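See structure below.
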Amino acid sequence: MVPSLWSDHDADHLAELYGRALGATITQEVRYPEIPLEFQKDLAGEMLTLDLNFQGYRINIINADGTFRPTPSMSFRVNFNPATDDNGQESLREAYRVLVDDGAQVLMELGSYPFSDLYAWVEDRCGVSWQLMLAQPENEPRPFIMPALMYTRGHHTQEFTQMLLRLFPGSTAKTPILVPGQDQQVMFSEARIAGDWMMISDGGDVHDFTFTMKKIEIDQF
């Protein structure tokens, strides 16, 4: 899976920011032509797309205008695992500091929660949301980066997960954890689709955001 994020003339800044905060490296750059189409004239010669590598996980950034802006309906969980990184807790705190110093909005404060000894949820100043989480070393390991989808208009996680399992044979899903007293609203679930882990949940109707222009490419080859 390769998530593509829409940015408003911010691709270069995001690449530099994610490099400092999360160790991302640039693997490919594509630029707009010097003589572009009329609707692209203010982007002549600028970055068109950037491919970033986060410890083996690829994210593509599209450099465009302000037509779309990411929302927390799609975020990325970043797993800092002390079993593979002796400085996992320090790395998490540093990532949080770098993102916040750059202007990120804090959605959940850095601290201890029932599901993690150290966790924070921030939305960087370009609208991309990051769930920074200290993993439990004794648990089954997960990749450094996992995309997380959250429905905020109805409860569709179970239906969507089953659709993905049908579309991509060999994919698997963990038993979802439901909101207490609900038989459809999923509080937390994980699935491995076409070899890549992702999280899917139902956030309820209390949020004022939903999905916008984000794309996930799934390469089976």
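Note that the structure is predicted; figures quoted are calculated from it, not measured. Reckoned from all heavy atoms, side chains included, excluding hydrogens, waters and symmetry mates.
Between Leu149 and Ser201 there is no side-chain heavy-atom pair separated by less than 4.5 Å. Counting heavy atoms from C-beta on, the side chains of Phe144 and Phe80 come closer than 4.5 Å. Counting heavy atoms from C-beta on, the side chains of Pro147 and Trp197 never come closer than 4.5 Å. You'll find the side chain of Gln184 stays beyond 4.5 Å of the side chain of Asp202, heavy atoms only. A heavy-atom distance below 4.5 Å is found between the side chains of Tyr96 and Glu109. Residues Met198 and Ile193 are in side-chain contact: their nearest non-hydrogen atoms beyond the backbone lie under 4.5 Å apart. Using a 4.5 Å heavy-atom threshold, the side chains of Tyr18 and Val128 count as touching. Side-chain contact between Asn63 and Glu46 is present, with at least one heavy-atom pair separated by less than 4.5 Å.
Apart from Leu178 itself, the hydrophobic cluster it occupies contains Val186, where clustering links Ile, Leu, Val, Met, Phe, Trp and Tyr at side-chain heavy-atom distances under 4.5 Å.
With sequence neighbours excluded, no residue forms a salt bridge (Lys or Arg N to Asp or Glu O under 4.0 Å) with Arg31. Among residues two or more places apart in sequence or in another chain, the ring-ring contact (aromatic ring centres under 6.0 Å, His included) test is passed with His13 by none.
Below 30°, between 30° and 60°, or above 60°: for Phe115 and Tyr119 the angle between ring planes is above 60°, a perpendicular geometry. Relative ring orientation between Trp6 and Phe68 is described as perpendicular, the plane-to-plane angle rising above 60° on a 0-90° scale split at 30° and 60°.
Remark: Asp86 CG is loosely packed, at most 12 non-hydrogen atoms of other residues, nucleotides or ligands lying under 6.0 Å away.
Checked by atom type, the side-chain pair Arg58/Asn60 shows no donor-acceptor distance below 3.5 Å. Donor-acceptor pairing under 3.5 Å is lacking for the side chains of Asn53 and Thr25.
Under the 4.5 Å side-chain contact rule for hydrophobic residues, Met199 and Tyr151 do not share a cluster.
If you take CZ on Arg97 and CG on Asp102, they are separated by 10.5 Å, rounding to the nearest 0.5 Å. One distance of note links CD1 of Ile62 with CG of Asp8; it measures 13.0 Å at 0.5 Å rounding.
Using a cut-off of 4.0 Å between Lys/Arg side-chain N and Asp/Glu carboxylate O, Arg142 and Glu190 are scored as salt-bridged.
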